[in-house]
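Input: a single structure, listed below in structure tokens.
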Amino acid sequence: MPDTAQQVPLQTTEKLPRVFYRLALGDALSTYGSQLDLVALSLFAYEAAGNALGTAGYLILRLTGGFAGGLVSGRLVARVDRRRLMTGCALAQAVALVVVALAPASARIPVLYPLALVFGGAAAVCAVALRTSIPEMVGAERRARANSLMASCRSAAMVLGFASAGVVVAWAGFRAALLIDASSFVVFAAVVLRLPLRTRAEPAEQAAEQAAGAAATGTTADTEADKAADGGKAKRFGSRWQALVVLRAAPVVGAMAAIRLLDAFGSAAHNISLPVFANQHDPGNPAALLGMFWATWAVGNLGAQQLVSRLMLRRGIEPGERAFALGTCLMSGCFILVFTGLPTPLFLLVAIGAGLGDGFTEISYTTRIQALTDERRGQAFGLLASAENVGMGTGMLLSGSLLALLSPLTVVGVSHAVPIVLALGFLVLVGRARKR
């Protein structure tokens, strides 16, 4: 299963640039804003429409925007200055939030639905630009450490965003909550704009990356010519053909994208099923059960960062394809066990396992994709972003319908069993490829 990844020796004793910590905090702040506005705008859409279809319509449009953003992001990060791209996407979300907050009651739905596409698309493009730029910001040998830091800050911000959203909306109202969200994106844009780190490889370095990738995978001059021809076809036929070119050049990326798509489907299933499960098992206080689960999940997610930085990187071990597959199995398996009605101690232990697998998978797949050349990296992340949005959108629609007929355990069990099977098959293929 060869691809164009270049093998970069780890230098785990080197620390990340200090300014990169500012970026991690800024990204965490914008992540907090994203989770806050996701909850606030979902409730906002429900109240404006007067029924659950209002929320469903908003979420579907937001995911549609994310899918479209993933498709075009590969071309954008290749052609547009990535610093300006991230800044522009953050400011676009801030402006959209202000417009929704100031819209009169009669115009809320007409304003909110088109802007849902902006929220989803801008978030996807910004995420792809950031992930593509990290190896150039910190050096390819330190990208795993950087991804670990970013994942930890982001997961903590997600939990804070979900936990505080209800309180902020209840105390301050929708308008104030949306303006708080907008300010978080403005701060992130300011941090990125002033960041003294490069975001793109120099032309000479790109040529060296391509040569290293060819040498590492045994690519011949003829196949390099084929890739050049493929690049010309990509320019003529657009982003859809570019995705096919990426899959041809790096089949591992295609396999990971398929697993991430079905993993996102499973994530949609457990996110929709958790409130139902909580009401069934603790009808007196379902919010407490949900809060306990997500707080414990966050502990496991943060633990993944410590596991990677302290146990793996210090020993010169970089998380890659095997780590990605094992993390997927751990995460999906634990999410299935969550719905089996375990005693509280075991329930918390399984929640930690789910967070650990989730964080480990995020770090390993991001680090693995960043091993591609600068040219391929943005296209691959765009492909993955689209796959995740498709999986999340279809998962929400199908899981919501199935919960009317089946138990949460059945819905989540089937949804998460499929990525486990695929991940195990991927693990076998990777092992055979390495032996060859």
Side-chain angles (χ1 to χ4, degrees), residues 34-35 38-39 41-43 45-46 49 51-67 70 116 119-120 123-124 158-159 161-162 165 257-283 286-287 289-291 293-294 297 301 327-342 347 350-351 353-355 357-358 361-362 384-423:
S34 295
Q35 305 311 311
L38 181 61
V39 175
L41 288 174
S42 297
L43 295 172
Y46 177 81
N51 53 54
L53 290 176
T55 298
Y58 166 75
L59 292 175
I60 290 171
L61 285 172
R62 185 164 177 154
L63 290 169
T64 301
F67 171 74
F119 294 129
M158 287 175 62
V159 174
F162 279 128
I259 295 172
R260 291 293 291 184
L261 186 153
L262 292 168
D263 180 35
F265 187 97
S267 296
H270 71 242
N271 275 292
I272 290 178
S273 300
L274 272 170
V276 178
F277 176 80
N279 277 283
Q280 290 176 350
H281 287 263
D282 191 3
L289 181 63
L290 280 177
F293 171 80
W294 286 118
W297 172 88
N301 206 274
T328 299
C329 292
L330 174 63
M331 173 183 60
S332 293
C334 287
F335 269 118
I336 294 173
L337 292 175
V338 163
F339 291 86
T340 58
L342 297 171
F347 175 82
V350 168
D358 210 346
T361 302
E362 169 72 16
L384 283 164
S386 295
E388 289 172 3
N389 278 282
V390 168
M392 188 66 73
T394 54
M396 284 183 175
L397 291 174
L398 189 56
S399 298
S401 302
L402 290 176
L403 280 172
L405 304 172
L406 304 172
S407 68
L409 175 60
T410 303
V411 174
V412 174
V414 173
S415 300
H416 273 294
V418 177
I420 289 176
V421 172
L422 275 184

### Message
For a 4.5 angstrom cut-off between non-hydrogen side-chain atoms, does Thr328 reach Ile420?
### Response
no
### Query
Which atom names give the shortest non-hydrogen contact between Gly393 and Leu63, and what distance separates them?
CA-CD1, 3.2 Å
### Task
Give the ring-plane orientation class for His416 versus Phe335, where under 30° counts as parallel, over 60° as perpendicular and anything between as tilted.
parallel
### Query
Distance from His270 atom NE2 to Phe293 atom CZ, nearest 0.5 Å?
6.5 Å
### Summary
Distance col, row Ser386:OG vs Phe67:CZ, nearest 0.5 angstrom, shows 5.0 Å
### Query
Please, which pairs that meet side-chain hydrogen bond (donor to acceptor under 3.5 Å, both in side chains) have at least one residue in residues 389-409, sequence neighbours excluded?
Ser407-Thr410
### Summary
On a heavy-atom basis, the closest approach of Pro419 and Leu262 is CG-O, 4.0 Å
### Message
Could you report the tightest heavy-atom contact between Leu337 and Leu342, atom names first, then the distance?
### Response
O-CD1, 3.6 Å
### Task
Kindly indicate whether the side chain of Leu397, heavy atoms from C-beta on, has any atom under 4.5 Å from the side chain of Ile60.
yes
### Point-to-point distance, once rounded to the nearest 0.5 Å, from OG1 of Thr361 to CG of Leu330
7.5 Å
### Summary
Looking only at heavy atoms, the pair that brings Leu384 and Ala257 closest together is CD2-CA, 3.3 Å
### Query
When rounded to the nearest 0.5 angstrom, what is the spacing between CD1 in Ile336 and OG1 in Thr340?
10.0 Å
### Exercise: identify the closest heavy-atom pair between Ile259 and Ala423
CD1-CA, 4.0 Å
### Message
With side chain to side chain contact (heavy atoms under 4.5 Å, CB included) as the test, pick out the partner of Ser267 among Met396, Met392, Met331.
### Response
Met392
### Set of ring pair (Phe, Tyr, Trp, His ring centres under 6.0 Å) partners for Phe277, sequence neighbours left out
His281, Phe339
### Summary
When rounded to the nearest 0.5 Å, the distance separating OG of Ser415 from CG of Leu398 is 7.0 Å
### Query
Does the side chain of Leu61 come within less than 4.5 Å of Phe119's, by heavy atoms?
no
